[in-house]
Amino acid sequence: MSEAVAKRFGELYGPAPEGVWAAPGRVNLIGEHTDYNDGFVMPFALPHTAVAAVSRRDDGVLRLHSADVEGGVTELRVADLEPGTDKDWTAYPSGVVWALREAGHEITGADIHLASTVPAGAGLSSSAALEVVVALALNDLYGLGLRRWQLARLCQRAENVYVGAPVGIMDQTAAACCEAGHALFLDTRDLSQRQIPFDLAAEGLRLLVVDTRVKHSHSEGEYGKRRAGCEKGAALLGVDALRDVPYAELDAALERLADDEEVLRLVRHVVTEDERVERVVALLESGETRAIGPVLTEGHASLRDDFRISCPELDLVVDTAVGAGALGARMTGGGFGGSAIVLAEAADVPRLTGAVEEAFAAAGFRVPRVFEAVPGAGARRLD
């Protein structure tokens with residue numbers, strides 16, 4: 001893919017690119033909607049990547065093209081980049097340029113050609129992959145010297161402010177910092193990280209991603225409502241973030257929120273989800289990988305019933321897979337569509353895949369896309 005992207009760059013812009021970079025999509029194993037509550041998450045990188053061929057310019061012009069979107073080259077002036085002015089796919093790479101410049105880095109322009117194998121709208125962070133691959137390329141080309149966590153922060157700011165999506169820090173950090181064969185245990189408050197070995201194949205296990213093909217969008221209102229509700233809950237409980245509500249004191253905290261059922265449900269999910277992340281880390285580190293299955297399923301019930309961000313297609317994947325003998329399953333990503341993950345014995349994969357496909361057909365849903373998730377590498381230069 002690297003050679004094809006570089007070749008297309010030359011056809012679009014003339015000279016060969018100065019370099020080619022890649023950044024992955026991600027699957028979140030556990031820890032959903034905890035990142036903007038200063039909590040814990042546990043993503044790992046997919047082998048699916050956004051790839052960018054990039055060269056610098058010194059005339060203040062930013063030229064953008066994607067192999068995955070119809071249309072020609074979009075030309076912008078870096079001095080004119082302002083939040084809210086771009087509602088197209090180009091907002092993600094141009095937002096990164098804006099964020100870098102706003103942080104005081106002299107980016108004088110670039111030619112960028114992108115191509116991605118990360119399924120868009122599937123809850124696998126295709127937007128974060130676009131942001132991080134552009135940020136890493138410009139960091140290298142302009143010699144900015146920024147560390148991976150700093151790039152993730154700038155990409156999050158680009159998506160929050162420039163694009164207008166109130167996402168947390170998980171997706172960008174996963175794309176920038178994950179390592180092959182590992183899941184990333186991330187504390188989103190201080191960005192401390194621990195790479196947890198996650199080699200399912202060695203244990204005769206598989207993790208399937210089931211893309212329901214129901215599209216979601218973080219910048220739409222429901223995601224923002226959940227975040228605002230969590231912030232309200234923290235304020236009512238007198239803490240900086242829901243991360244600060246101890247799991248052992250959850251019942252007492254919920255009693256204080258009894259007059260606001262919606263906020264109560266949101267708080268209950270976040271506090272229990274943080275505890276689930278810590279449980280999964282402990283199980284993986286003690287070699288009890290199969291035991292994480294029920295924790296995944298428990299997390300889905302919380303997302304479905306308390307956070308209320310599931311949908312019939314996601315619920316059908318989880319119910320069908322678990323009913324057919326999967327070790328565990330849950331929705332992954334921001335919700336309102338996207339993908340579910342299924343932990344299974346390797347020998348059961350064909351049967352489970354068939355059961356899910358048959359259930360979708362019987363319900364009149366679109367045929368789901370099912371593939372195995374293998375923890376891949378984070379963002380990197382390819383050439």
Side-chain angles (χ1 to χ4, degrees), residues 1-25 49-103 105-121 125-142 144 151 154-165 171-172 175-176 217-219 379 381-383:
M1 188 172 179
S2 173
E3 292 181 3
V5 172
K7 179 181 178 183
R8 182 60 176 144
F9 179 98
E11 294 170 351
L12 290 165
Y13 301 124
E18 291 186 80
V20 181
W21 290 260
T49 59
V51 177
V54 185
S55 289
R56 289 166 291 181
R57 297 180 65 96
D58 60 8
D59 58 357
V61 171
L62 174 65
R63 295 196 293 183
L64 302 167
H65 185 268
S66 171
D68 308 305
V69 180
E70 289 187 10
V73 174
T74 297
E75 184 169 314
L76 305 166
R77 295 203 61 82
V78 297
D80 296 336
L81 299 178
E82 291 290 342
T85 59
D86 189 350
K87 301 298 183 184
D88 206 348
W89 72 269
T90 50
Y92 296 101
S94 64
V96 170
V97 174
W98 168 83
L100 286 167
R101 285 171 55 84
E102 190 200 37
H105 303 290
E106 189 176 354
I107 307 297
T108 56
D111 287 336
I112 301 174
H113 171 60
L114 292 149
S116 179
T117 59
V118 184
S125 297
S126 59
S127 59
L130 285 181
E131 293 158 358
V132 170
V133 73
V134 170
L136 182 62
L138 296 176
N139 186 54
D140 288 353
L141 290 175
Y142 279 94
L144 304 181
L151 294 177
L154 285 165
C155 289
Q156 181 199 16
R157 179 159 178 75
E159 191 154 352
N160 287 170
V161 180
Y162 195 89
V163 178
D171 295 349
Q172 292 82 5
S217 174
H218 281 166
S219 57
R381 187 166 183 162
L382 296 178
D383 58 331

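- A pairwise comparison of heavy atoms in V118 and P24 identifies CG2-C, 4.5 Å as the closest pair.
- Heavy atoms only, all atoms of each residue included: S94 and L76 are closest at CB-CD1, 3.9 Å.
- A donor-acceptor distance shorter than 3.5 angstrom exists from the side chain of S66 to the backbone of D68, with no hydrogens or angles considered.
- Using a cut-off of 4.0 Å between Lys/Arg side-chain N and Asp/Glu carboxylate O, D58 and R56 are scored as not salt-bridged.
- When side chains are defined from C-beta on, V96 does not count as touching L130, because their heavy atoms never get closer than 4.5 Å.
- Side-chain contact between L144 and I107 is present, with heavy atoms from C-beta onward closer than 4.5 Å.
- The two residues A6 and A53 come nearest to each other via the heavy atoms CA-CB, 4.3 Å.
- Note that NE2 of H65 and CG of L114 are 10.0 Å apart. Values are rounded to the nearest 0.5 Å.
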Quiz prompt | Criterion side chain to side chain contact (heavy atoms under 4.5 Å, CB included) on Y142 and H105, from CA distance to verdict | solution = CA-CA 9 Å; Y142 279 94; H105 303 290; over 6 Å; no

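- Here the straight-line distance linking atom NE2 of H113 with atom OG of S55 works out to 12.5 Å at 0.5 Å rounding.
- D111 has its side chain within reach of R57: a pair of non-hydrogen atoms, C-beta onward, lies under 4.5 Å apart.
- At most 12 heavy atoms of other shown residues, nucleotides or ligands fall within 6.0 angstrom of atom CD in E106.
- Remark: W89 CH2 to S126 OG distance equals 12.5 Å, nearest 0.5 Å.
- In terms of heavy-atom proximity, A67 sits nearest to A115 at CB-CB, 3.9 Å.
- When side chains are defined from C-beta on, T108 does not count as touching V78, because their heavy atoms never get closer than 4.5 Å.
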Quiz prompt | Chi angles and distances behind the side chain to side chain contact (heavy atoms under 4.5 Å, CB included) call for L138, V134 | solution = CA-CA 6 Å; L138 296 176; V134 170; 3.9 Å; yes

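- A donor-acceptor contact shorter than 3.5 Å links the side chain of D59 to the backbone of V61.
- The line from CG of L151 to CG of L100 is 7.5 Å long, rounded to the nearest 0.5 Å.
- The line from CD of E131 to CG of L154 is 11.0 Å long, rounded to the nearest 0.5 Å.
- Atoms CZ and OG1, from R63 and T90 in turn, are 15.0 Å apart once rounded to the nearest 0.5 Å.
- Taking all atoms of both residues into account, the shortest heavy-atom contact from D86 to A91 is OD2-N, 3.2 Å.
- By the 4.5 Å heavy-atom criterion applied to side chains, I112 and L62 are counted as neighbours.
- Across all non-hydrogen atoms, the minimal contact from R381 to E18 is NH2-O, 2.8 Å.
- Between W98 and R157, the closest side-chain pair of non-hydrogen atoms falls below 4.5 Å.
- In this structure, the side chains of T85 and Y162 come closer than 4.5 Å at one or more pairs of heavy atoms.
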